Each structure stands twice: as structure tokens, then as C-alpha cells.
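As C-alpha cells, the structure follows; a few thoughts come after it.
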Number of protein chains: 2
Amino acid sequence: MITLTEENYIKAIYHLGNNGEETVNTNAIAEVMQTKASSVTDMIKKLSEKKYANYKKYQGVTLTKDGRFVAVNIIRKHRLWEVFLVEKLNFSWDEVHEVAEHLEHIKSEKLINQLDAFLEFPKHDPHGDPIPDKEGNFQHIEKIVLAKAEIGAVYKCVGVDDTSSSFLKYLDSNNIGLGTIIKIKHKEPYDNSIKIELKDSEIVVSQNVAKNLYLKKV
Amino acid sequence: MITLTEENYIKAIYHLGNNGEETVNTNAIAEVMQTKASSVTDMIKKLSEKKYANYKKYQGVTLTKDGRFVAVNIIRKHRLWEVFLVEKLNFSWDEVHEVAEHLEHIKSEKLINQLDAFLEFPKHDPHGDPIPDKEGNFQHIEKIVLAKAEIGAVYKCVGVDDTSSSFLKYLDSNNIGLGTIIKIKHKEPYDNSIKIELKDSEIVVSQNVAKNLYLKKV
DNA sequence: AAATATTTTTAGACTAACCTAAAAATATTT
DNA sequence: AAATATTTTTAGGTTAGTCTAAAAATATTT
Ligand SMILES: [Mn+2]
Ligand SMILES: [Mn+2]
Ligand SMILES: [Mn+2]
Ligand SMILES: [Mn+2]
């Protein structure tokens, strides 16, 4: 049996370690989990005993194969529920994350596989993130961050890094969504802001925005 | 803040007390919650402090108005999710209860109201139980139990008391579902079994079955 | 390479939800 | 109305997940 709290730690370790590849340290986990480092140490020990994590004192933590599988499965559920909320229940993309944080812990194979079918096996969630299949496989989406885009080139928006409501609402208010086509007009060296051309407007976005919006060349 | 465990106790008290009307005693709660009486006492005290229950030592417990509202809301969520599972995800009526036990604790007003709309405001769940609206109101469904049906009369099946998978599968295997029309042929005084006529068969059901199937005269 | 700073772990405590065993209250028999 | 049985509560303990404060290990500066 795996608890809800254990699941959340595993997911945090997976994301912090760049999809379960790198070692993650205690303080980083404490920060995203909103707890103290000492609590994290306790939990890492437990995850290690349960064979979800590899842990050597003072040396950080990585996920085992089992741990990665747990993580990918929770992410699958999270993202499928996000699609459901947007596609079927008329949520907007800035409202789904919070609810999906809870729905992702419902344990029923049949539920999630039927949901997947009901949604017609979507490949990405409302933020452009890939949805793992039953076996835990998913494609890496090709994308670059707006901050590193070439001047003059034309791109399609394919994802966001920050999924906070405030960022997504900002994008909404500037008519930027997944699929939106933009052209890079100018990069301002002074503050790293970027001027982009949209369908019928031209706007300047801050470095902060430029670091959180993913693009693909068209 | 109300915990998942508190919610489950409140729901149990509501159901045991005949929709929050009657006093419920400690042992009865312990039985349905699968815990010990001493744990129940602890929890009742907590619910009483939080104003969800009225409690006098040794005198059993009733729900307050707040407590009943919590209960009805969880039941609303439970039953809407059951409808969703059957109508949209192709679950059968004997598979939904378990999953709904978890889904009923997801806390999001918007989620449940949108789900309600998506399902087109269903009035009952897959077991014939009424679904409370946003305000917590629901109609009492008129029904009698098969055990008390009149010989010779014709009825429609409108609900079940036992929602266990084994009972529901038994009904399935005998082609009895909600909406099925039956005629009462004979009551056997020896063991209280009842002979009923279906569309193209005649079967004898045990007292146990007769006590768990609800009917309405047609 | 020593001193200092940072990170991580340990030690000991707290709360929620549970347990067992014993005591107290209430209900039922005699 | 006593005696007995049943129900409920209390007392004290356990586990998961958290905390603070202090100790230990590692990293960075001087
Ligand atoms: Mn999300
Ligand atoms: Mn997402
Ligand atoms: Mn149910
Ligand atoms: Mn039901």
C-alpha cells in the first residue's frame, strides 16, 4: 500500500529530478512539498525502505524503477483528469491543476483506462504536457523556450512551464494559447524582454514570460 | 477544515439515523466504519466540538443541521459520480460504489456542479437512490420492499437496498434491473421466499432478495 | 588546510486516527 | 430491587506525518 503523501513525494522527486533522471536534494523537496527538511529526510527513508527510492545519507535521492513507474502513473492520471475538466466540464486551463492534484490519487485502473478511452486517448494535457499511456510511455515533446527563440522566426506555442493561474490568465488576456502562432520581432538586451507579433497585434513580454512559454518552429 | 475520516463518520451517522432523523449509537457506527467503539467515541467527541453532531455521553448521537448538510453533499457527490461511471465510462452498477467512495471526497464546488450539468441533472443514481441538488434537497422516492408486496399485483423495480456487487450480479443474472416489471405470484410462508413472474420467466427469490429489492406499483 | 557557512540528519515532541483493556453507565433478567 | 449482561467511555499506547532545536556532515571561503 502506498499512501497519498508518499505519492506526492514520489511525484515531486520525479519532477525535480528532471523526469526521474537526476539526484534530488532534501531542501529542494522540502520547498516544493512545503515542509521542513527533517520531514523530508523521514519520508525519503520510508520511500527507500519501500524500494521506491535510492537513498544514501547526505547524498540526495533518486527514484528506483518502481518509483518512476508510480510517478508516471500519477502524472498520467493528473493529466487525463485535466483534459476531462477542460474538454467535458468547461473548466479553463488555469482552473484544472488544483482539482487534478486531488483526482490523481484516486486508485482504480478501470477508471483511468476508461477515462482515457472516453477522452479518445489524448496525447497532451491542456498545458501541452504529454500524457503517458498505460505502460508509462510518452513522447518527449519537441520544444524550445521563448527566451531562446530566434529573431525573425515563426513559432507555434506548444506548452507552458509555469501552470499557475496568474500566468495562464495573463496569456489568455494577451490571446496566447496552445496553437497560437507568433513571430519574434526583437529581443531587448537591457531586460531580456521580447517583442512578438501575434495575429493582429504586437506585444512585448517580460523575461519571466519568455522563460515559461514553450514554442515549436513552424 | 473537515477531514476525509470525519466525512465518512458523518455519512455513516446520516445513513444509520435514517437520513439524519434518529439517534445513532456507538456500536452501530463502529460496525459500519469497521472500527472499535472506543474510536467511535473519540470521533463523536470531535464532531460534537466541531458542531457537526449533538452528543450526550451514553445517549447516542444525532447530526446538527451543519452535519446533515455535509452528509447530503457527500451523498450528492457519491451518486453523481456513480451516474458518471455508468453513463460515460461503461461501468456496470455493481462496480461503481467502491470508486465513488473515493471520488465523493474530492472537494470542488465547480467540479460537482459542472459534472451535474454534464450528466444533465440526473434525479437518481444507478441503484435508484435520489440525487440531492446543490441546496441539498431531494425527493423521497416512493417504494415498497418486495417482501411486503401484494400477491397478484404488478410492480416496477425502482431500487435496491444492498448495493453489494454480489447482490447486483445476482439480479443481473436473473434479468432484474431498474425498470424491470414483475408480478407477484406466490409467497411461501415456510421460508418467506417469493415466486415472481418476469417478462418471459418465473423465478423464486429468497427472503434475503425480497428484503433488498424496492418496487413501485404500476 | 583551517575556518566558516550550508545542508542534512537526529532527537524528541505533537496531532489525528486508531487500538486494547479496564472502568463506568445503562439495560435486562431474575 | 438486586444481580447480571451489554454498551459506552476512559486510560494509556501505537503509527504516519509533521514540527523545532541541536548535532553531524559536507561545501565554500579565506
Ligand atoms: Mn497540473
Ligand atoms: Mn497540466
Ligand atoms: Mn454507492
Ligand atoms: Mn448508489
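Every chain is numbered from 1, with letters handed out A, B, ... down the list of sequences. Just so you know, these numbers come straight off a predicted model, no measurement behind them.
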Provide, to the nearest angstrom, the distance between the [atom1] atom belonging to [X] and the [atom2] atom belonging to [N].
X     : N      : atom1 : atom2 : answer
A/E6  : D/dA16 : CD    : P     : 9 Å
A/M33 : D/dC19 : CE    : P     : 10 Å
A/Q34 : D/dC19 : CD    : C1'   : 15 Å
B/I44 : C/dC18 : CD1   : C1'   : 15 Å
A/E49 : D/dA16 : CD    : C1'   : 13 Å
A/M43 : C/dT9  : CE    : C1'   : 16 Å
B/M1  : C/dA16 : CE    : C1'   : 11 Å

Is the phosphate of [N], meaning OP1 or OP2, less than 4.0 Å from a side-chain N or O of [X]?
X     : N      : result
A/K36 : D/dT20 : yes
B/K57 : C/dT26 : no
A/S39 : D/dC19 : yes
B/N27 : D/dT6  : no
B/K45 : D/dT10 : yes
A/Y9  : D/dA16 : no
A/Y55 : C/dT9  : yes

Heavy-atom closest pair, residues B/D191 and B/Q207: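 That closest heavy-atom pairing would be O-CB, 3.8 Å.
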
- request: Look at the aromatic rings of A/F84 and B/F118 and report parallel, tilted or perpendicular, splitting at 30° and 60°.
  value: perpendicular

query: Under the 3.5 Å rule, do the base of C/dT9 and the side chain of A/T26 count as making a donor-acceptor pair?
result: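 Looking at the base of C/dT9, it does not pair with any donor or acceptor on the side chain of A/T26 (distance under 3.5 Å).
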
- prompt: Can you find an N or O donor on one side and an acceptor on the other, under 3.5 Å apart, linking the side chain of B/T41 with the base of D/dT10?
  reply: no

Short N-O contact, A/D66 and A/K50, less than 4.0 angstrom: no

query: Between B/E7 and B/K107, is there a salt bridge with N-O shorter than 4.0 Å?
result: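 Looking at B/E7 together with B/K107, the answer is yes, because their closest N to O distance falls below 4.0 Å.
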
query: Taking for each residue the nucleotide of DNA chain D bearing the nearest heavy atom, is the 5' side occupied by A/Q59 or by A/D42?
result: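 Looking at DNA chain D, the more 5' nearest nucleotide goes with A/D42.
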
query: DNA chain D: A/L4 or B/G60, which has the more 5' nearest nucleotide?
result: B/G60

message: Heavy atoms from C-beta onward define the side chain here; which of C/dC19, D/dT8, C/dT8 lies closest to that of A/N25?
response: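 Output: C/dT8.
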
message: Tell me which nucleotide, if any, is Watson-Crick or G-U wobble paired with D/dT26 when both distances must be under 3.5 Å.
response: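 Its partner is C/dA5.
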
field: Watson-Crick/G-U partner (both atom distances under 3.5 Å) of D/dA16
entry: C/dT15

- request: Tell me what B/S38 touches on the nucleic acid: a base, only sugar-phosphate, or nothing, going by heavy atoms under 4.0 Å.
  value: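 B/S38: base contact, heavy atoms under 4.0 Å.
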
- request: Using distance alone, with no hydrogens and no angle criterion, decide if A/D162 and A/S164 have a side-chain donor and acceptor under 3.5 Å apart.
  value: yes

field: Between A/N8 and A/H105, a side-chain donor and acceptor under 3.5 Å
entry: yes

